[in-house]
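One is the number of the first residue; the rest follow in order along the sequence.
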Amino acid sequence: MKTVGSQHFHHPVLGEIAIKALRTATRITAHWKTSQLLSLTIPKGLTATQVMNIIEKMLPDLLRTKPQGDFFTPGWRYSTPERDFVVVAGTDKSGIRRIMDPDNKEVRFIIPPEECDTGSGFINDFINRNLDDYARIFAEAYLLPDAFALANRLKVNPTSISISYGQKVLGRCNSRGEILLSRNLVFYPLELRNYVVAHEFAHLTHMNHSQAFYDLLNRYVDGQLDSLLAALKKHKLPFKK
């Protein structure tokens with residue numbers, strides 16, 4: 001009988017399940033990666049029937065521990081220095097779509113009426129992809145000019161400043177003086193973008209987080225270190241999982 005390998009499949013109750021079949025696994029484990037995706041690790045060699053029987057036994061606990069979904073619904077708005085993103089209710093069943101206002105300052109995601117109250121993983125995926133594309137396409141144009149202007153004002157000389165991907169790690173500076181900035185900084189206010197860039201500039205002098213580093217950084221941000229750091233910790237990216 002054919003055994004189950006690593007794969008994705010759709011369960012009628014649980015939704016999408018990502019199966020990892022591992023030779024090193026000795027038991028079945030499951031955890032929710034997001035409210036829309038269950039990760040299931042199984043020992044190699046189990047048949048489809050065996051896996052489905054085990055899932056059915058685990059079903060009550062899996063439903064009990066499933067995270068509550070966080071969905072894009074009408075009224076959601078997220079503003080960046082360059083553009084606003086909004087979700088509005090549609091009036092027909094033409095599916096989700098994206099439109100841009102004539103001034104190119106607002107992006108509207110139109111959600112079909114049947115999705116307005118409950119939300120869906122498909123809607124989340126569509127908007128998340130669009131937001132990620134926005135960051136990928138515009139990060140260089142929006143972030144680099146200000147970063148170079150700040151370098152000139154602070155009289156620092158990084159070897160290079162370029163764009164990378166990262167959500168938790170917003171910036172990096174290596175021993176060669178090369179600075180990487182996360183493209184997701186496009187979703188931060190200008191003062192927080194500048195704070196992150198100044199943080200990396202301070203690493204050009206101190207490749208650590210010593211008191212001397214923070215003293216220099218505080219000078220770079222005109223004595224606003226504490227308030228900017230607190231604001232940075234509170235700021236949330238627009239993506240929904």
Side-chain angles (χ1 to χ4, degrees), residues 72 76-87 98-109 124-209 213-241:
F72 291 103
W76 177 87
R77 174 179 288 270
Y78 194 95
S79 297
T80 75
E82 294 80 17
R83 202 159 296 174
D84 292 334
F85 298 88
V86 297
V87 173
R98 180 196 67 196
I99 62 174
M100 192 172 295
D101 72 349
D103 296 327
N104 202 30
K105 294 293 185 181
E106 184 176 270
V107 177
R108 300 187 190 101
F109 297 106
N124 277 11
D125 289 344
F126 179 87
I127 297 178
N128 281 338
R129 284 197 308 272
N130 274 271
L131 292 169
D132 191 58
D133 285 344
Y134 169 79
R136 176 177 54 80
I137 293 168
F138 292 106
E140 185 170 318
Y142 292 163
L143 302 179
L144 294 188
D146 287 345
F148 284 114
L150 184 61
N152 185 59
R153 180 170 70 82
L154 296 177
K155 295 180 172 56
V156 297
N157 295 290
T159 304
S160 63
I161 307 176
S162 54
I163 301 300
S164 72
Y165 178 78
Q167 291 190 7
K168 294 183 178 179
V169 179
L170 297 175
R172 293 184 184 275
C173 176
N174 63 29
S175 59
R176 297 185 295 276
E178 299 165 335
I179 289 174
L180 292 175
L181 301 175
S182 166
R183 65 188 184 189
N184 279 344
L185 280 172
V186 299
F187 299 117
Y188 285 72
L190 291 175
E191 65 271 16
L192 295 184
R193 293 180 187 176
N194 286 337
Y195 169 80
V196 171
V197 175
H199 182 110
E200 303 314 319
F201 286 167
H203 278 312
L204 295 170
T205 303
H206 302 285
M207 288 298 294
N208 52 43
H209 288 105
F213 165 84
Y214 283 110
D215 289 343
L216 178 61
L217 175 55
N218 198 33
R219 291 200 298 274
Y220 282 173
V221 297
D222 299 322
Q224 301 299 310
L225 174 61
D226 291 342
S227 60
L228 288 170
L229 183 56
L232 186 70
K233 289 180 178 179
K234 290 180 181 178
H235 189 78
K236 293 183 179 180
L237 290 167
F239 307 102
K240 293 185 180 292
K241 298 180 179 181

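Looking at heavy atoms from C-beta onward, D146 lies out of side-chain contact with V197 at the 4.5 angstrom threshold. With a 4.5 Å cut-off on side-chain heavy atoms, L170 and Y188 count as touching. Using a 4.5 Å cut-off on side-chain heavy atoms (C-beta onward), L180 and I163 make no contact. Two residues are said to be in side-chain contact when any heavy atoms from C-beta on lie closer than 4.5 Å; R183 and D132 meet this criterion. Taking 4.5 Å as the limit, every side-chain heavy atom of E82 sits out of range of all side-chain heavy atoms of F138. The closest side-chain heavy-atom distance from S182 to R172 is not below 4.5 Å. For the pair R108/E106, a side-chain contact is recorded, criterion being any heavy-atom separation below 4.5 Å from C-beta on. Using a 4.5 Å heavy-atom cutoff, the side chains of I179 and S162 are not in contact.
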Practice item. Assess whether side chain to side chain contact (heavy atoms under 4.5 Å, CB included) is satisfied between F85 and T80, documenting all intermediate values. Key: CA-CA 8 Å; F85 298 88; T80 75; 4.0 Å; yes

Exercise for review: Applying side chain to side chain contact (heavy atoms under 4.5 Å, CB included), run through F201 and I161 and close with a yes or a no.
Suggested key: CA-CA 10 Å; F201 286 167; I161 307 176; 4.0 Å; yes

Point to revise | Intermediate values then yes/no, ring pair (Phe, Tyr, Trp, His ring centres under 6.0 Å), H206 and Y214 | key: CA-CA 9 Å; H206 302 285; Y214 283 110; over 10 Å; no

Practice item. Determine, stepwise, if the pair Y195 / L225 fulfils side chain to side chain contact (heavy atoms under 4.5 Å, CB included). Key: CA-CA 8 Å; Y195 169 80; L225 174 61; 3.6 Å; yes

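A distance of 6.0 Å or more separates the ring centres of H199 and Y220. Aromatic ring centroids of F239 and F187 lie under 6.0 Å apart.
Cation-pi geometry between R153 and F148 is not met: the NZ or CZ atom fails to fall both under 6.0 Å from the ring centre and inside 45° of the normal.
The line from CG of L192 to CG of L185 is 9.0 Å long, rounded to the nearest 0.5 Å. Atom-to-atom distance recorded for R176:CZ and T159:OG1 is 8.5 Å, nearest 0.5 angstrom. Expressed to the nearest 0.5 Å, how far CZ of R129 lies from CD1 of I127 amounts to 10.5 Å. Note that the OG atom of S175 and the CG atom of L204 stand 11.0 Å from one another [nearest 0.5 Å]. Atom CG of residue N130 and atom CG of residue D125 lie 11.0 Å apart, to the nearest 0.5 angstrom.
Between the E178 side chain and the S160 main chain, no donor and acceptor come within less than 3.5 Å of each other. Between the side chain of N208 and the backbone N or O of F213 there is no donor-acceptor pair closer than 3.5 Å.
In this structure, R136 pairs ionically with D133, as a charged nitrogen and a carboxylate oxygen lie closer than 4.0 Å. Using a 4.0 Å cut-off between a side-chain N of Lys or Arg and a carboxylate O of Asp or Glu, E191 and R193 do not qualify as a salt bridge. Salt-bridge annotation for D84 and K105: absent, with no side-chain N of the basic residue lying under 4.0 Å from a carboxylate O of the acidic one.
Of all heavy-atom pairs spanning V186 and A139, the tightest one is CG1-CA, 3.5 Å. Pairing each heavy atom of A198 with each of L150, the nearest pair is N-CD2, 4.0 Å. In terms of heavy-atom proximity, N174 sits nearest to M207 at C-CE, 3.8 Å. The two residues P158 and A151 come nearest to each other via the heavy atoms CD-CB, 4.3 Å.
There is a side-chain donor-acceptor pair under 3.5 Å between Y142 and R83.
Note: F126 and F109 have perpendicular aromatic rings, judged against thresholds of 30 and 60 degrees for the angle between ring planes. In this pair, W76 and Y78 present their aromatic rings parallel. The plane angle is below 30°, not in the 30 to 60° band.
Across N194, L154, L228, L229, a single residue satisfies side-chain contact (heavy atoms from CB on, under 4.5 Å) together with V221, and that is L228.
By the neighbour-count criterion of 12 heavy atoms within 6.0 Å, atom CZ of R77 is densely surrounded, having more than that number from other residues, nucleotides or ligands.
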